[in-house]
Amino acid sequence: MKNRYTITSALPYANGPLHIGHIAGAYLPADIYVRYLRSRNKDVLYICGSDEHGAAITLRAKKEGTTPQAIVDKYHGINKKAFNDFGIDFDIYHRTSDPLHHKTAQDFFLKLEEKKSFVKKTAEQFYDEENKQFLADRYIQGTCPKCAYEAAYGDQCEKCGSALSPKDLINPKSTISGNKPVLKETSHWYLPMQDHEEWLREWINNGVLDGKKLHDPSQWKNQVIGQCNSWIDGGLHERAMTRDLNWGVKVPLKDGDGKVLYVWLDAPIGYISATKAWAEKEGKDWKAYWQNDDTQLIHFIGKDNIVFHAIIFPILLKQHGDFILPENVPANAFLNLEGDKISTSRNWAVWLPEYLEEFPGKQDELRYVLTSLAPESRDSEFTWKDYQTRINNELLSIYGNFINRALVLTHKYYNGVLPECGDYSSEDEIVVNEMNSFAEKVGALIERYRFKEAQNEMMNLARLGNKYLADNEPWKLVKTDEERVKVIMKLALEISAKLSIISAPFLPHTAVELQEMLNLKELNWDNYSDELMPVGHQINKAHLLFTKVEDELVAMQVEKLQKSKILKQVPLKEKAVINFDDFTKLDIRIGDIIEAKKVPKTNKLIELKVKVGENVRTVVSGIAEHYSAEELPGKKVSILINLEPRKIKGILSEGMILMAENSEGKLAMISPDNEAIESGSVVR
RNA sequence: GGCGAGGUAGCUCAGCUGGUUAGAGCGCAUGAUUCAUAAUCAUGAGGUCGGCGGUUCAAGCCCGCCUCUCGCUACCA
């Protein structure tokens, strides 16, 4: 173990509140780890903050008629408070809109520029005048100059496979607006990631950099190594580190006008600027946490962030030259909810601020459940029923109940003061030995990022306590052997005290409460083997640590979830008003599907032959996930027939089948409800 | 379609580089017990380790094919 740790949790994007999936994935595991290390008296810095840049926030501001700053201010406030109330113990919760961050990111960028880590390229790039933005290669389509395929992309023709540049395309179009884009000159700084493949492969797979062993790759998750190798083996490419945007960290160069740093360059540097902000306040040296070989850097993230933390950011850190690389990137998978993926847009989530409001004082209950169900190596699922079961049958029955019986008996027999007593019996010594082994067992599991297992091991100490009481039955012995009862109660309380230490990383609020009841203060991991309950020690009044989760509560939460899901289905903003002439431009007819077959090498596409009056048209439609090719022939559908024909996967599509889509993405055909409507009938 | 990660007891999950009768917690059954929020303790029943084939003295673990789930990516006017 090293002595200094820099722990980060992914910066939450400041355009929405946090839900239990975020917590289980990146924040709770890190918090457990951090609390453990602090208890071991390590020098630990735990940092996080809001990620406030990027195009998504500007788009949202535009939509809501407000400013990006107003959006990020709102969610920064909400999330900071939620983390604090829940008990995620950051040293600092910073934000990337802070001037200190802008300065830090710009300095970092300049250093890389100075080291010639970037390749600057000036090029004429297509620009969408309607949306006022430059278009990435993939956002442009046109006719391939080599094979005349009409839907080739700006970077490659899917038909003939030739690599293209957008300007090669004949008749280019913006895929966003459909308009013809204009050429405008712009320049960007690119990171040539392909130059870094060799050392990355060695560093990720063997933990070795420049001949030095930096980490043990067997401690990295399969998922992380697998995904990195997949990227590296597929060949890394240069990636633009700047964007034409006006929201973000300005490119600090003369020719950087109107450009900002790419959000994935900017955000991880947020970890560094947060450290600086903290160090400034605390009078510490921030460099110790980032530029010292005796410091371990660990990034806790969700699986969607793997490449950024395990490939791109390490390249940047190494290029800069002064920084250490992450020792591990323990990425978690995703948490599902009641049989369905958590979805912000469908409002299918348990929101942290709402939980905190509806379940005051029940942070540790949620922590316990989320750690039990944590998606450490694959996706897992949270249900309210599970929440109830885990709390009632484990946390309350095993932990809460053991503490309660130990304290209640002590009060009953000795008014809460430990009496003078004899030595442990030889059977007691076995229990004592077992008890003493827990600190190391639990610690070792936490150090290997096995939080679920670690928590269960912690619970085994409470189980040991329950078994000790059941085996020794002090409530019976009290009538025959009072001296023996004193020893038993002392050991039971000793177990309780030790439980307060090893449960603290998982259940910090409970641990404090328990230590108050036991009249103990400021215990940490290193106190574990001390005698914590000496003769004469007075304990405080006992109260219950947990309350039962009732069936009604579970039912209520499930119902609330279902209801809020429906609420989200209210129609989106209406589009601009059109006149009748506009409407009559659409030629919509009823058609009969006479033939259907799946388009090879695609998941969603079906090629249809639709008979409209006397004509038969070919239409390619993205409905294969909702209809099989076999069930389609014979169906009547509405079809827009005067839509400009377009080639899709090499097939000319002459029209568009009208479909209704609900909030879950389910599709249904718009069909006449009357057999008298024959093929070719006009829809209006 | 390409790539990555998964598919182990009713549920949630462990099983490190292949090696004795495949593990844990919860649930379930039976018994014990009453200090404790009907909580606890003991014992037990549950698995052809997604399917098929192969390598090996030996496979949940290695190889091939298939299938299902999730993620990234492509396609969805």
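In the text below, chain A, chain B and the rest are named by the order of the sequence lines, each starting its count at 1.
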Which distance, rounded to the nearest 0.5 Å, do you find between the CG of A:Leu396 and the OG1 of A:Thr547?
7.5 Å
Base, sugar-phosphate or nothing for A:Leu469? Non-hydrogen atoms, less than 4.0 Å.
nothing
Taking syn as within 90° of 0 and anti otherwise, name the glycosidic form of B:G23.
anti
Could you tell me how far B:A14 sits from B:U8 if I compare only their C1' atoms? Round to whole Å.
10 Å
When the P atoms of B:C16 and B:C63 are considered, how many whole Å apart are they?
14 Å
Could you go through nucleotides 15-19 of chain B and list every protein N or O atom that sits under 3.5 Å from one of its N or O atoms, giving the distance for each pair?
residue	atom	partner	partner atom	Å
B:G15	OP1	A:Arg450	NH1	3.4
B:G15	OP1	A:Arg450	NH2	2.7

Name the nucleic acid region contacted by A:Lys221, choosing base, sugar-phosphate or nothing; use a 4.0 angstrom heavy-atom cut-off, strictly under.
nothing
Side chain of A:Asn456 - closest among B:A24, B:G4, B:A39
B:A24
Between A:Phe506 and A:Tyr368, is the ring centre distance below 6.0 Å?
no
Give a yes/no on whether any side-chain N or O of A:Asn393 is located under 4.0 angstrom from OP1 or OP2 of B:G27.
yes
Touch check for A:Phe334, heavy atoms < 4.0 angstrom, all strands: base, sugar-phosphate only, or nothing?
sugar-phosphate
Hey, is A:Glu494 close enough to A:Lys498 for a salt bridge, meaning N to O under 4.0 Å?
yes
Provide the distance between the two C1' atoms, one in B:C13 and one in B:U55, to the nearest whole Å.
31 Å
Step by step, would you call A:Phe382 with A:Asn336 a side-chain contact (heavy atoms from CB on, under 4.5 Å)?
CA-CA 6 Å; A:Phe382 176 95; A:Asn336 293 321; over 6 Å; no
Full working for side-chain hydrogen bond (donor to acceptor under 3.5 Å, both in side chains) between A:Gln455 and A:Ser372
CA-CA 8 Å; A:Gln455 181 173 261; A:Ser372 299; 3.2 Å; yes
Considering only nitrogen or oxygen atoms on both sides, find all protein atoms under 3.5 Å from nucleotides 10-12 of chain B and state each distance.
none

Atom CG of A:Asn206 and atom CZ of A:Arg201: how far apart are they, to the nearest 0.5 Å?
11.0 Å
In terms of side-chain heavy atoms of A:Leu643, which of B:C41, B:U40, B:A77 is nearest?
B:A77
B:A32 C1' sits how many Å from A:Asn466 CG, rounded?
15 Å
At under 4.0 Å between heavy atoms, what does A:Leu395 touch on the DNA or RNA strands: base, sugar-phosphate, or nothing?
nothing
Between A:Asn460 and A:Tyr413, which has a closest nucleotide on RNA chain B that is more 5'?
A:Asn460
Output the distance between atom OG (A:Ser500) and atom CE (A:Met517), rounded to the nearest 0.5 Å.
10.0 Å
RNA chain B in dot-bracket, Watson-Crick or G-U pairs under 3.5 Å, [ ] crossing, | other strand?
(((((((..((((.....[...)))).(((((.......))))).....(((((..]....))))))))))))....
After noting the C-alpha distance and the side-chain angles of A:Asn328 and A:Lys221, does the key distance pass the side-chain hydrogen bond (donor to acceptor under 3.5 Å, both in side chains) rule?
CA-CA 9 Å; A:Asn328 205 333; A:Lys221 300 194 186 195; over 6 Å; no
Do NZ/NE/NH1/NH2 and the carboxylate oxygens of A:Asp216 and A:Arg448 come within less than 4.0 Å?
no
Spacing of the P atoms in B:G2 and B:G64 (rounded, Å):
15 Å
Want to settle it: does A:Ser621 or A:Gly400 sit nearer the 5' end of RNA chain B, counting the closest nucleotide to each?
A:Gly400
Taking CD1 from A:Ile342 and P from B:C70, how many angstroms apart are they, rounded to a whole number?
15 Å
Using a cut-off of strictly less than 4.0 Å, decide whether A:Lys303 has a side-chain nitrogen or oxygen near OP1 or OP2 of B:C72.
no
In whole Å, I'd like the distance from the CD1 atom of A:Ile639 to the C1' atom of B:A77.
12 Å
Going by an N to O cut-off under 4.0 Å, is there a salt bridge joining A:Glu376 and A:Lys452?
no
Nearest atoms (heavy-atom pairs only) where A:Pro217 meets A:Ile225
O-CD1, 3.6 Å
Interatomic distance, A:Lys467 atom NZ to A:Ile495 atom CD1 [nearest 0.5 angstrom]:
11.5 Å
Numerically ordered, the residues 470-480 of chain A set in heavy-atom contact under 4.0 Å with RNA chain B is A:Ala470, A:Trp475, A:Lys476
Could you check how far CG of A:Leu658 sits from P of B:C76, rounded to whole Å?
18 Å
Give the nucleotide from the list B:C26, B:A39, B:U37 with an atom nearest to the side chain of A:Ser397.
B:A39
Whole angstrom value for the distance that separates P of B:A77 from CD1 of A:Ile641
18 Å
Sort out for me which residue in A:Val408, A:Thr510, A:Leu493, A:Leu514 forms a side chain to side chain contact (heavy atoms under 4.5 Å, CB included) with A:Ile403.
A:Leu514
How would you list, by chain and number, every residue that makes a side-chain hydrogen bond (donor to acceptor under 3.5 Å, both in side chains) with A:Asn466, sequence neighbours excluded?
A:Arg405
Would you please test A:Thr618 and A:Leu652 for side-chain contact (heavy atoms from CB on, under 4.5 Å) and show each step?
CA-CA 7 Å; A:Thr618 300; A:Leu652 190 65; over 6 Å; no
What are the two closest heavy atoms between A:Leu491 and A:Val431, and how far apart are they?
CD2-CG1, 4.1 Å
Between protein and nucleic acid, restricted to nucleotides 5-7 of chain B and to nitrogen or oxygen atoms under 3.5 Å apart, what atom pairs and distances do you find?
residue	atom	partner	partner atom	Å
B:G6	OP1	A:Asn222	ND2	2.7

Could you tell me how far B:U43 sits from B:A38 if I compare only their P atoms? Round to whole Å.
25 Å
In whole Å, measure the gap between the P atoms of B:G6 and B:A22 for me.
24 Å
Euclidean distance, A:Ile315 CD1 relative to A:Ile312 CD1, rounded to 0.5 Å:
7.0 Å
Are the charged groups of A:Lys341 and A:Asp379 less than 4.0 angstrom apart, N to O?
no
Protein-nucleotide distance (A:Tyr399, atom OH; B:A36, atom P), rounded to Å
21 Å
Pick the C1' atom in B:C62 and in B:U56, then give their distance to the nearest Å.
10 Å
Rounding to the closest angstrom, what is the interatomic distance between B:A45 and B:U30 at atom C1'?
10 Å
Starting from C1' on B:G1, measure out to CD on A:Glu607 and report it in whole angstrom.
17 Å
Would you give the length of the straight line joining atom CG of A:Leu337 to atom CH2 of A:Trp348, rounded to the nearest 0.5 angstrom?
5.5 Å
Distance check needed: B:G71 C1' versus A:Asn332 CG, whole Å only.
14 Å
